[in-house]
Each structure stands twice: as C-alpha cells, then as structure tokens.
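Read through the structure below, which is laid out as structure tokens, and then see the notes.
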Amino acid sequence: HVQLVESGGASVQAGESLRLSCVVSGHTATTRRCMAWFRQAPGKEREGVAGLYTGAGVTTYADSVKGRFTISQDHAKSTLYLQMNSLKPEDTAMYYCAAGPIATFAEFILMRVGDFNSWGQGTQVTVS
C-alpha cells in the first residue's frame with residue numbers, strides 16, 4: 001500500500017509559479033517505480049502532466065506543459081515535486097500525484113490513468 005499526500009496548491013495569477021509536493025510512504029521500489037502528476041479540471045478527464053521513471057531518472061511531460069513544468073524527487077524526504085512556472089489559466093485543475101509498478105518505458109510515457117494504482121487526494125491549483 002502506497003500513501004500519497006499532496007500539498008502546495010493555491011490561487012495565483014497568470015505568470016506566477018507554484019511548487020507542488022507529494023509525500024510518499026508505505027511504498028517499495030517496485031510500487032513507486034513510476035511516479036507522475038495528473039490533473040483534472042471540472043467536466044474534463046484526468047490527464048497526465050508529468051511522469052518520472054524513478055530507476056532510470058527519465059521524465060516525460062504533456063506537450064501543454066513542456067518547458068514550464070519540472071518533475072523531480074527528493075529521496076531523503078520521500079517527496080515528489082512538481083515545479084510549475086509561467087502558469088496559465090488553462091492550468092487550473094485539481095492536481096494529483098500517483099504511483100504505479102509500471103515495468104516498461106513504452107507504458108510509462110503514455111501516462112495512462114489505469115497504469116497507476118496509488119493516488120493522493122489532490123491539491124487545487126487555480127490560475128486567474
């Protein structure tokens with residue numbers, strides 16, 4: 001069982017930055033092999049924003065956030081981060097961190113909701 005707790009969401013103006021954090025506990029190297037950030041706006045489906053293949057240190061990003069968002073982790077603090085710069089109104093959504101035992105790179109880059117079996121409660125990001 002993997003427990004994920006997000007924090008850092010806030011209401012900000014366009015162009016500002018936020019750093020989301022996700023504290024991970026009750027995990028193993030296998031269950032957190034792939035970590036990711038997803039977001040979901042009202043009336044829309046949940047979409048992958050940024051992913052991290054922990055063993056290889058490989059990252060993947062949605063085209064809409066490339067160059068603006070950065071996913072990273074601090075092993076000592078068991079924390080996953082999402083640095084969000086140059087925020088836009090269209091970034092407004094509930095952001096979730098997720099973990100899953102995804103075995104292949106091909107699956108990882110797709111950032112499919114069904115491939116992640118552990119989810120946090122979400123943290124709201126509002127950009128106006």
Side-chain angles (χ1 to χ4, degrees):
H1 175 70
V2 178
Q3 184 175 346
L4 308 171
V5 181
E6 305 99 330
S7 63
S11 294
V12 300
Q13 295 183 341
E16 295 184 351
S17 300
L18 281 175
R19 189 188 194 189
L20 305 184
S21 299
C22 175
V23 178
V24 185
S25 62
H27 63 277
T28 66
T30 299
T31 57
R32 63 172 295 182
R33 185 167 187 171
C34 291
M35 302 291 295
W37 287 95
F38 287 76
R39 67 185 181 188
Q40 185 169 25
K44 295 185 177 181
E45 296 184 350
R46 190 168 299 187
E47 64 172 348
V49 176
L52 173 65
Y53 203 124
T54 57
V58 177
T59 60
T60 186
Y61 298 92
D63 289 340
S64 60
V65 306
K66 277 188 174 181
R68 299 190 297 120
F69 291 11
T70 302
I71 186 171
S72 63
Q73 66 177 334
D74 185 325
H75 290 284
K77 297 181 179 180
S78 297
T79 302
L80 182 75
Y81 299 101
L82 182 66
Q83 178 66 45
M84 306 185 294
N85 298 328
S86 302
L87 284 163
K88 304 175 180 180
E90 49 263 45
D91 294 319
T92 296
M94 182 72 74
Y95 283 72
Y96 302 87
C97 63
I102 303 172
T104 69
F105 178 76
E107 292 177 306
F108 158 72
I109 60 174
L110 295 176
M111 287 192 286
R112 296 177 299 192
V113 171
D115 285 337
F116 294 82
N117 54 17
S118 297
W119 296 85
Q121 292 72 46
T123 185
Q124 180 68 38
V125 173
T126 301
V127 185
S128 61

L52 and Q73: side chain to side chain contact (heavy atoms under 4.5 Å, CB included), yes or no, with the steps? CA-CA 9 Å; L52 173 65; Q73 66 177 334; 3.6 Å; yes
Relative to Y81, does R19 satisfy both conditions: NZ or CZ under 6.0 angstrom from the six-membered ring centre, and within 45 degrees of the ring's axis? yes
Could you give the distance from SG (C97) to CD (Q121), rounded to the nearest 0.5 Å? 8.5 Å
Interatomic distance, NZ@K66 vs OG1@T59, rounded to 0.5 Å, equals 9.0 Å
A98 versus L4, closest heavy-atom pair with distance: CA-CD1, 3.6 Å
Step-by-step ring pair (Phe, Tyr, Trp, His ring centres under 6.0 Å) determination, Y96 to F38: CA-CA 5 Å; Y96 302 87; F38 287 76; 8.6 Å; no
How long is the gap from OH on Y95 to OG1 on T123, to the nearest 0.5 Å? 10.5 Å
Side chains of D74 and T79, donor plus acceptor under 3.5 Å: no
Calculate, to the nearest 0.5 Å, the distance between atoms OG and CG belonging to S72 and L80 respectively. 7.0 Å
With a 4.5 Å cut-off on side-chain heavy atoms, are L20 and M84 touching? yes
Considering all heavy atoms, the nearest A62-G48 contact: CB-O, 3.5 Å
So, for S17 and N85, which heavy atoms are closest and what is the spacing to 0.1 Å? OG-OD1, 2.9 Å
Could you go step by step and tell me if F69 and D91 meet the side chain to side chain contact (heavy atoms under 4.5 Å, CB included) rule? CA-CA 11 Å; F69 291 11; D91 294 319; 3.9 Å; yes
Examine W37 and V113 and state if one hydrophobic cluster contains both, with Ile, Leu, Val, Met, Phe, Trp and Tyr joined whenever side-chain heavy atoms are less than 4.5 Å apart. no
Salt-bridge contact R112-D115 (side-chain N to carboxylate O under 4.0 Å): yes
Here the gap from L87 atom CG to S128 atom OG, rounded to the nearest 0.5 Å, amounts to 10.5 Å
Path from F105 to F116 over hydrophobic side-chain contacts below 4.5 Å: yes
Taking every non-hydrogen atom, the tightest pair across V49 and V65: O-CG2, 3.5 Å
Quick one: do M35 and V2 end up in the same hydrophobic cluster if we chain Ile, Leu, Val, Met, Phe, Trp and Tyr together by side-chain heavy atoms under 4.5 Å apart? yes
Specify the closest pair of heavy atoms between V58 and F108, including all atoms of both residues, with the distance to one decimal. O-CZ, 3.5 Å
Would you find more than 12 non-hydrogen atoms of other residues, nucleotides or ligands less than 6.0 Å from E45 atom CD? no
Is a side-chain N or O of Y61 found less than 3.5 angstrom from the main chain of I71, in a donor-acceptor match? yes
Find out if a path of hydrophobic residues (ILVMFWY) with successive side-chain heavy-atom gaps under 4.5 Å connects M94 to V23. no
Side chain to side chain contact (heavy atoms under 4.5 Å, CB included) between K88 and R68, intermediate numbers included: CA-CA 10 Å; K88 304 175 180 180; R68 299 190 297 120; 3.9 Å; yes
Begin from the C-alpha positions of T92 and Q124 and carry the test side chain to side chain contact (heavy atoms under 4.5 Å, CB included) through to its verdict. CA-CA 8 Å; T92 296; Q124 180 68 38; 4.1 Å; yes
Test your reading of the model: is there a side-chain donor-acceptor pair from Y53 to the backbone of A103, 3.5 Å cut-off? yes
Closest approach of N117 to P101 (non-hydrogen atoms, all atoms of both residues): ND2-CD, 3.4 Å
Is any side-chain heavy atom of E47 less than 4.5 Å from a side-chain heavy atom of Q40? no
Kindly say whether G122 contributes a backbone atom to a donor-acceptor pair with the side chain of E6 at under 3.5 angstrom? yes
Kindly compute the distance separating CD (E16) from OG (S86), expressed to the nearest 0.5 Å. 11.0 Å
Do I109 and M111 sit in one hydrophobic cluster, given that two such residues count as connected whenever their side-chain heavy atoms are within less than 4.5 Å of each other, even indirectly? yes
